[in-house]
Each structure stands twice: as C-alpha cells, then as structure tokens.
Amino acid sequence: MPRILIVEDEAIIRSALKRLLERHDYTVSEAGSAEEASQLELAGFDLIISDLRLPGEPGTSLITAAAPVPVLIMTSYASMRSAVEALKQGAVDYVAKPFDHAELLETVERILHKQSMQQSPPPDITDAGGSRQTMIGNCVAMQKVYTRISKTAPADVTVLILGESGTGKELVARAIHQQSKRAKAPLICVNCAAIPETLIESELFGHEKGAFTGASAARTGLVEAADGGTLFLDEIGELPLDAQARLLRVLQEGEIRKIGSVETRHVNVRLIAATHRDLRALSKTGEFRLDLYYRLNVMQIELPPLREREDDVLEIADILLDKACKRHERTGLRLSRAARQDLRDYPWPGNVRELENALERGVILAEGHLIHPDDLGLAPTTPRPHPSSGASSTPAASGGGDKSAEENEDDLSLEDYFQHFVLEHQDQMSETELAQKLGISRKNLWERRQRLGIPRKKTARRPG
C-alpha cells in the first residue's frame with residue numbers, strides 16, 4: 001500500500017486531503033511545515049504532497065531533502081511562474097488549489113505508477129557461503145522489489161520484509177545490507193522461530209555469568225555483535241513478548257542490557273525484520289506489541305509468491321537446475337517439455353524453496369538425459385480423469401499414436417471439469433483463488449477461459 005506524506009499548514013485542507021486519499025487505499029501521514037516533515041523518515045514515503053507556501057521553509061525545500069522520493073507541489077496561486085519554478089527545482093508535478101478531487105487522484109496515481117515502473121537491475125548478493133549471486137526475476141512485482149531495495153538501502157531506516165515462507169526474504173535483507181552504508185560492517189542473521197523461547201533473550205541480548213542456571217560464562221548477544229552493522233530478524237512474529245519489549249528499547253533508545261546485568265550500553269544497529277504473518281492482526285490478539293509493529297514498519301517490502309510470478313518460474317528453475325547438476329555431478333540434464341509445463345502450472349505453496357527441492361529431486365532420480373514430471377515428485381494439483389474415460393493413470397512408455405489419443409481424451413475430461421468448476425465457483429472466488437483450487441497459474445486460467453469461451457465475472461470479489 002503506497003505511503004503518502006501531506007505537508008500543509010491549514011489543518012482543514014490537510015484533513016480533507018487525508019480522508020480523500022485514505023478512501024482510495026493510500027496510507028497517509030501529516031506534517032504542518034517543512035521542518036516538521038524533515039523530522040520524519042522521508043525515504044519511507046512513496047510520494048510527498050506539499051503546499052508551496054508554508055511557515056518557515058517553502059514546500060520546494062523538501063525536493064532535495066526527500067530525494068529520490070517525488071514531491072507534488074500544491075499552490076493557491078495558479079500562476080505559471082510559481083508552477084514553473086517548482087518544476088525547475090525538481091517537483092514531479094503541481095496542482096492548483098482549490099483542486100478537483102478526481103484530477104488530484106489521477107495525478108497521484110500517475111506519479112506512483114511511473115515510480116513503480118522505473119526498472120532497477122536485480123541486485124548482486126554475496127550469500128552466507130561467500131559466493132556471489134544475482135536475484136532472479138523480471139516480472140513487474142519483482143521490479144518493484146528491486147526499486148524498493150535500491151531506494152531503501154542507503155536510507156538507513158528500519159525495514160519490514162513481508163512474504164510467504166520460501167520467497168527469499170533473507171536474500172532481500174542481504175541485498176539491503178550490501179547496498180547500504182554499513183556494507184563493510186557485519187550482517188547478523190537470526191531466525192527467531194529456530195531458537196527456543198527460553199533462550200532467545202540470552203541469544204539476542206547476552207547474559208552475565210551466573211545470570212541463570214547453566215550460565216557458566218558471560219555471553220555477548222547477537223544485537224551487540226551487530227553493533228555498527230545490520231541485524232536481520234527472520235520470522236519476528238515468533239518473538240516472545242518479553243524479548244519484544246527489549247527489542248523496542250533497542251529501537252527507541254539504542255540501548256541494550258544483558259540478562260543479569262544492571263548496566264546498559266549503547267549500540268548502533270540497523271534492524272531488518274521479516275515475517276510471513278500479519279503482525280497487525282497479531283497485535284489485536286496481544287501476541288505482538290503494536291508499538292513495536294509501528295517501529296518496525298518504517299519501510300515495507302512485500303515479496304510476491306512464486307505462483308504470481310509465472311514469467312519467472314522457468315528462468316529460476318533453469319538456474320537452480322544448473323546448480324543442482326553441478327552439485328551432483330550430472331551435467332547435461334534438461335527438463336522435458338511436460339516437466340517444464342508442470343513447473344509453470346504448479347501453485348508452489350513452498351515457493352522458491354519448494355522449487356529448489358523439486359529440482360534437486362529430479363536431478364537425483366532422472367535416469368536419462370531428461371527430467372520428467374514423475375522425477376520432480378510434485379503433488380497432483382488437477383483432478384484425475386474419471387475411470388470411465390478409459391485413460392491410463394500412468395504415461396505410456398511407447399506407442400506415440402496411442403499416447404496422443406489418451407492425452408486428448410484426458411484433456412477433454414479435464415476441460416469439462418474446469419468449465420463446471422469455474423462456472424460454479426467464480427461468483428464466490430477471486431481469479432487467484434480459482435487458479436489455486438484448480439492447481440494452475442492465473443495466466444493458464446485466463447488462457448483456458450479464452451479457449452473455452454468462459455467470460456470472467458466482473459462481480460467476483462478481489463482477493464485480500
């Protein structure tokens with residue numbers, strides 16, 4: 001959800017504009033002057049809308065201060081002179097007050113769309129083993145991720161990475177660290193879900209000798225080990241409440257205190273957190289501190305699941321296959337046409353991690369030079385044809401003409417099921433939900449709709 005900062009000294013105009021933008025699903029913050037705005041983390045916003053004439057510094061002063069965040073200038077003086085001057089200083093556009101609501105919303109949408117379409121190259125990353133790799137994928141969703149990384153990394157702000165398990169959240173954290181001013185300092189990665197609840201405070205913040213049973217020596221915590229660098233807390237939604245309170249102290253005051261110690265010490269740590277859970281929902285049930293959530297959510301990067309990256313799946317698969325072949329010394333292996341189609345259509349609930357495991361399986365099990373669908377070991381995602389169709393449950397090893405006839409018969413029975421399922425459920429399900437239930441990609445769903453002449457229902461509810 002795009003974040004917009006409104007800088008306007010007239011409270012009535014500021015509130016009206018905020019309500020307008022929030023009704024259209026924007027997250028909005030406010031400031032009454034350029035000085036007040038400069039106290040905020042300007043790099044955390046996608047757009048700044050500022051009045052030209054403000055108490056103190058003019059709105060155009062934010063253009064340099066917030067760069068590269070675009071600044072849209074509002075002016076009560078719809079003269080060419082003030083508008084041109086603002087544009088000369090680097091404003092992305094201007095609107096004249098009193099502004100038309102529809103025109104303003106169109107301008108905001110156009111600016112944000114242009115920002116999201118500015119392609120950034122996939123970042124290079126040095127992984128934990130010291131080898132360099134490049135993030136893979138060129139779909140629109142990943143382009144947005146690359147842009148966020150390039151803008152966020154130098155800003156030294158706290159980052160919250162959202163995404164399902166296996167989407168590559170640690171890779172994003174490494175990319176941010178290695179493009180930041182702290183690149184030469186340590187990056188400490190911690191999986192909060194992998195440490196027992198009774199030990200996690202000691203692991204993060206350290207302890208003094210004798211602080212508890214078994215503490216036979218003093219220990220430096222991982223937060224202190226990251227001093228001057230970056231601390232990446234994966235699965236932060238699993239962090240116990242006591243540890244959350246201590247972490248909040250680190251973010252607010254830059255202070256840590258070891259368990260069993262009365263002394264505090266200052267640390268300079270950039271925090272990057274990641275989770276597959278809804279932290280705001282957890283805060284409503286008391287499982288996650290709301291004040292910590294607000295501290296973490298300065299800049300948000302959301303990773304798309306693999307099933308929404310159809311154009312990237314095969315590119316990722318080819319690279320992972322090459323690595324798996326080298327590990328197992330099986331050069332020359334390729335994916336069969338059927339296997340490639342299965343990889344493209346599979347919904348990938350485990351995302352890239354599951355894809356990597358499937359290819360590893362294929363390399364180990366393949367008997368010839370081709371990896372077939374059975375070698376991948378993917379769970380079936382489309383219904384089996386009815387036995388009365390006469391189709392064999394396993395592919396024929398020979399007899400090309402007979403196999404072709406069987407595949408045609410299978411296609412007919414599956415298309416009958418597809419048509420029945422879509423017509424029955426499309427009023428209650430989104431396109432993403434339909435595709436997941438059918439075990440195919442959204443693109444495949446659209447193609448089959450076109451082929452079978454099933455129009456998409458405009459009344460189907462949007463996901464989320």
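For reference, positions follow the sequence shown, starting with 1.
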Legend entry - Matching residue for Ile48 among Ile6, Val92, Val7, Ile4 - test: side chain to side chain contact (heavy atoms under 4.5 Å, CB included): Val7
Inset, instruction - Could you check Leu104 against Leu17 for side-chain contact (heavy atoms from CB on, under 4.5 Å), going step by step and ending with a plain yes or no? - result: CA-CA 10 Å; Leu104 176 70; Leu17 185 52; 3.1 Å; yes
Inset, instruction - Let me see the working for Arg174 and Glu170 under salt bridge (charged side-chain N to carboxylate O under 4.0 Å, His left out), right down to the final yes or no. - result: CA-CA 6 Å; Arg174 288 187 179 279; Glu170 184 173 336; 3.1 Å; yes
Inset, instruction - Tell me, please, which residues at least two apart from Asp342 pass side chain to side chain donor-acceptor pair (under 3.5 Å). - result: none
Legend entry - Derivation and outcome, side-chain contact (heavy atoms from CB on, under 4.5 Å), residues Glu109 and Tyr26: CA-CA 10 Å; Glu109 184 178 354; Tyr26 296 109; 4.1 Å; yes
Inset, instruction - Show your working on side-chain hydrogen bond (donor to acceptor under 3.5 Å, both in side chains) between Ser165 and Arg353 and close with a plain yes or no. - result: CA-CA 8 Å; Ser165 179; Arg353 188 179 296 122; 3.0 Å; yes
Legend entry - Flag side-chain contact, heavy atom, 4.5 Å: Thr220 against Lys258: yes
Inset, instruction - Locate the shortest heavy-atom distance separating Gly32 from Leu54; write the atom from each residue and the value. - result: O-CD2, 4.2 Å
Inset, instruction - Could you tell me whether a side-chain N or O of Tyr293 sits under 3.5 Å from a main-chain N or O of Leu282, the two making a donor and an acceptor? - result: no
Inset, instruction - Taking His177 for its side chain and Ala185 for its backbone only, find out whether a donor-acceptor pair lies under 3.5 Å. - result: yes
Inset, instruction - Assess whether atom CD of Glu197 is packed by more than 12 heavy atoms of other residues, nucleotides or ligands within 6.0 Å. - result: no
Legend entry - Sole residue of Ile161, Asn351, Leu171, Leu162 in side chain to side chain contact (heavy atoms under 4.5 Å, CB included) with Leu303: Ile161
Legend entry - Pair Arg182-Asn268, side-chain donor/acceptor within less than 3.5 Å: yes
Legend entry - Within-4.5 Å side-chain heavy-atom neighbours: Ile136 and Val352: no
Legend entry - Rounded distance [0.5 Å steps], OG1 in Thr275 versus CD in Glu164: 12.0 Å
Inset, instruction - Output the distance between atom CE (Met135) and atom CD1 (Ile316), rounded to the nearest 0.5 Å. - result: 9.5 Å
Legend entry - Student check: side-chain heavy atoms of Ile13 and Asp51 closer than 4.5 Å: no
Inset, instruction - Answer yes or no: is there a side-chain heavy-atom contact under 4.5 Å between Leu378 and Leu343? - result: yes
Inset, instruction - Could you give me the CA-CA distance, side-chain angles and deciding distance for Val108 and Ile49, then say whether side-chain contact (heavy atoms from CB on, under 4.5 Å) is met? - result: CA-CA 9 Å; Val108 168; Ile49 303 176; 3.9 Å; yes
Legend entry - Val95 vs Asp93 side-chain heavy atoms within contact, under 4.5 Å: no
Inset, instruction - Report yes if some heavy atom in the side chain of Ile259 is under 4.5 Å from a heavy atom in the side chain of Arg246; otherwise report no. - result: yes
Legend entry - Derivation and outcome, salt bridge (charged side-chain N to carboxylate O under 4.0 Å, His left out), residues Glu41 and Arg3: CA-CA 12 Å; Glu41 294 286 356; Arg3 301 185 67 203; over 6 Å; no
Legend entry - Within 6.0 angstrom of Glu253 CD, more than 12 heavy atoms from elsewhere: yes
Inset, instruction - Hey, could you give me the CZ/CG distance between Arg289 and Leu279, rounded to the nearest 0.5 Å? - result: 14.0 Å
Legend entry - Spatial distance of atom CD (Glu203) from atom CD1 (Ile195) [nearest 0.5 Å]: 5.0 Å
Legend entry - Shortest non-hydrogen separation from Thr152 to Val157 and the atoms involved: CG2-CG2, 4.1 Å
Legend entry - Passing option when Glu8 is tested against Arg14, Lys18, Arg53, Lys97 for salt bridge (charged side-chain N to carboxylate O under 4.0 Å, His left out): Lys97
Inset, instruction - For Lys169 and Ala274, work out which heavy atoms get closest and say how close. - result: CD-CB, 3.8 Å
Inset, instruction - Step through the shown structure and confirm whether more than 12 heavy atoms of other residues, nucleotides or ligands are within 6.0 Å of CD on Gln252. - result: yes
Inset, instruction - Report the distance from atom CD1 of Ile301 to atom NZ of Lys144, rounding to the nearest 0.5 Å. - result: 13.5 Å
Side-chain atoms of residues 233-240: list all donor-acceptor pairs with protein atoms under 3.5 Å, sequence neighbours left out, distances to 0.1 Å.
{"from": "Glu235", "atom 1": "OE1", "to": "His276", "atom 2": "ND1", "distance (Å)": "2.8"}
{"from": "Glu235", "atom 1": "OE2", "to": "His276", "atom 2": "ND1", "distance (Å)": "3.3"}
{"from": "Glu238", "atom 1": "OE2", "to": "Arg277", "atom 2": "NH1", "distance (Å)": "3.2"}

Legend entry - Polar side-chain atom of Glu224 near backbone of Gly221 as donor-acceptor pair, under 3.5 Å: no
Legend entry - Within-4.5 Å side-chain heavy-atom neighbours: Arg257 and Arg249: no
Inset, instruction - May I have the step-by-step check of side-chain hydrogen bond (donor to acceptor under 3.5 Å, both in side chains) for Glu263 and Ser261, ending in yes or no? - result: CA-CA 6 Å; Glu263 296 181 357; Ser261 174; 5.1 Å; no
Legend entry - Cationic N near anionic O, under 4.0 Å, Lys323 to Glu356: no
Legend entry - Shortest non-hydrogen separation from Arg330 to Ala366 and the atoms involved: NH1-O, 2.6 Å
Inset, instruction - Start with the C-alpha distance between Val190 and Leu204, add both sets of side-chain angles, then the distance that settles side-chain contact (heavy atoms from CB on, under 4.5 Å), and finish with yes or no. - result: CA-CA 9 Å; Val190 185; Leu204 288 177; 4.2 Å; yes
Inset, instruction - Answer yes or no: is there a donor N or O on one side and an acceptor on the other, between the side chain of Gln89 and the main chain of Thr64, under 3.5 Å? - result: no
Inset, instruction - Say whether Glu201 and His207, considering side chains only, have a donor N or O and an acceptor N or O under 3.5 Å apart. - result: no
Legend entry - salt_bridge(Lys326, Asp322) N-O dist < 4.0 Å: yes
Legend entry - Non-hydrogen side-chain atoms of Ile176 and Ile272 separated by less than 4.5 Å: yes
Legend entry - Gap separating the CG atom of Leu321 from the SG atom of Cys325, nearest 0.5 angstrom: 4.0 Å
Inset, instruction - Locate the shortest heavy-atom distance separating Pro304 from Thr167; write the atom from each residue and the value. - result: O-CG2, 3.8 Å
Legend entry - Residue pair Ala173 / Phe232: nearest heavy atoms and the distance that separates them: CB-CD1, 3.5 Å
